[in-house]
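Counting convention: from 1, in listed order, for ligands and their atoms alike.
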Amino acid sequence: MRFPETFLWGGATADFQYEGGFNEDGRGLLTCDFVSDGNLNTTRVVTYKLPDGTLGKVSWKEDLPEGAVPCFDENTYYPSHYAVDGYHRIHEDIELMAGMGLTVYRFSLCWTRIFPTGFEETPNEAGLKYYEEVIDDLLAHEMEPLVTICHDEIPVAMYEKFDGWSSREAIDCYVKMAKAVVDRYKGKVKYWLTFNEINAVCGFSNLGTHKADQMTTFRAAHNMFLASAITTKYIHEVDPKAMVGTMYASSPAYPATCKPEDVFKQMQVRRRLFYFSDVMIRGYYPSYAPTLWEYFGGEGCKIDVTEEDAKILLEGHLDFYSFSFYRTTTVNTQSKLNWNNMSPDLNPYLPSTAWGWPIDPMGIRYVLNEVYDRYQCPLFIVENGMGEVDQLDEKGYVNDDYRIKYLIDHFRQIRKAICLDHIPVLGYTMWGIIDLVSLSTGEMKKRYGFISVDMDDKGNGTKNRGTKESYNWMKAFMEDQTIIGEDDEELIV
Ligand code: BGP
């Protein structure tokens, strides 16, 4: 069994977890610039100021009180401000990526580098130029740029003016930004993602999408669907060779038992993901949408999909399904879903990482089949990886053999999905190709990369890059893909 020659191999990052340079070259503030550090035991917090000057703090998942605006607290460390200094070291990092023989790099555009508040009439040239140089450098190294237009972020000015995606006004701001980048990079970027993990929008109230109640989530999602569809149609018009997707957090939930109620509950939980991709890939709302609206919003609650909206959704449906795959869970009728619509119930058959994320290589073959059966469109695995505590030496080297095993086990399952199940998978970008700030906890200690960074949880360190044993392994894999061997598991039909 072999991966197709055209299969793209690479890694992924997101701007506010990687770049830093938060006040350079005209960049405006994002809501996530106000989110403190944290760890497994302490949640990330946002400090706010009320109109009368009173200060307060809330968890980053909660709404700010009415009339409050986020503000900085000089005693707090904000990881996004300097992150791992990718803004200044991107070309060094591309050199290291290319050194492994990789063929794709997924990164996200910082909205406020392009439009510092979201409301300007014209884009900030310094921001456009910065990403142009990144794209040109990738192409010079024969790597495809895979561009996420918006990764869980919004300019703070939009959050303050109309609560982000709660308002239809956000659609125009997004489309203006998206058109500016598409106009500038068309012909160079073949793969675009309109949003990251759009089905997790309910978790990102203070990261800037909207207030945290569920019905507002559905309204915010509707506005994001329209923004994505308008952008997709535009990309197709100006660059017919380009392909457009959106990224969905897709780790499977399994029924905890064979009790029919648990199996039915699992299907309902899965619909909270497929709600998003059904609209965006098929181009229309699924039959079960009203059930979800009423379940979360109460009797009579619904999204008003006008004729004009329906037309936009249909004309701007996506070309491929891209997804993140990290941690599978189980559900039964008693399961309480968390902010990310994930069940916290662990699977007793699976080992976990130090952060309690179950490791389930077969789950990636499962989800590839599940999604392809539903849509029959190409798939792209744009996030998967192992966050662990790596013990780096003074050169940044670590023998991360646990990560190599993780990759071998997942790669074998992806290969089976392609070769045995005949699923068209475009590529794989490991999260994060380089150590960077964790989204959920704000830590540096949770490391994912092939490339290491000398930095601790509070930003101390030289930020110099090093290479791990997994870097050497990936380089060897790119030269000879048979090194992952075969396993003896039978073809399951
Ligand atoms: C995804 C996000 C990424 C990334 C990843 C790992 O949900 O798209 O931005 O951070 O999860 O999560 P964490 O950083 O919390 O370990």
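Ligand 1 has no nitrogen or oxygen under 3.5 angstrom from a nitrogen or oxygen of T441.
Residue contacts with ligand 1 for W357 involve side-chain atoms from C-beta outward but no N, CA, C or O (heavy atoms, distance under 4.0 Å). The proximity of W431 to ligand 1, defined as any non-hydrogen pair under 4.0 Å, is limited to the side chain.
Listed by number with element, the atoms of ligand 1 under 4.0 Å from a non-hydrogen atom of E197 are 1 (C), 7 (O), 8 (O). Residue-ligand proximity, S438 to ligand 1, at heavy-atom distances under 4.0 Å covers atoms 13 (P), 14 (O), 15 (O), 16 (O). Of all atoms in ligand 1, numbered sequentially from 1 with element shown, those under 4.0 Å from a heavy atom of N196 are 8 (O).
Note: F162 CZ to C173 SG = 4.5 Å, rounded to the nearest 0.5 Å.
Among residues two or more places apart in sequence or in another chain, the side chain to side chain contact (heavy atoms under 4.5 Å, CB included) test is passed with T328 by P252, Y254, F325, L350, D360.
Annotation: K188, atom NZ; neighbour count of heavy atoms from other residues, nucleotides and ligands within 6.0 Å is above 12.
Closest heavy-atom approach to atom 9 (O) of ligand 1 within the set Q17, M386, E383, R447: this belongs to Q17.
Using a 4.0 Å cut-off between charged nitrogen and carboxylate oxygen, E133 and K129 count as a salt-bridge pair.
Two rings, from F34 and Y78, have their centers 6.0 Å or more apart. You'll find the ring centres of Y406 and H410 inside the 6.0 Å limit.
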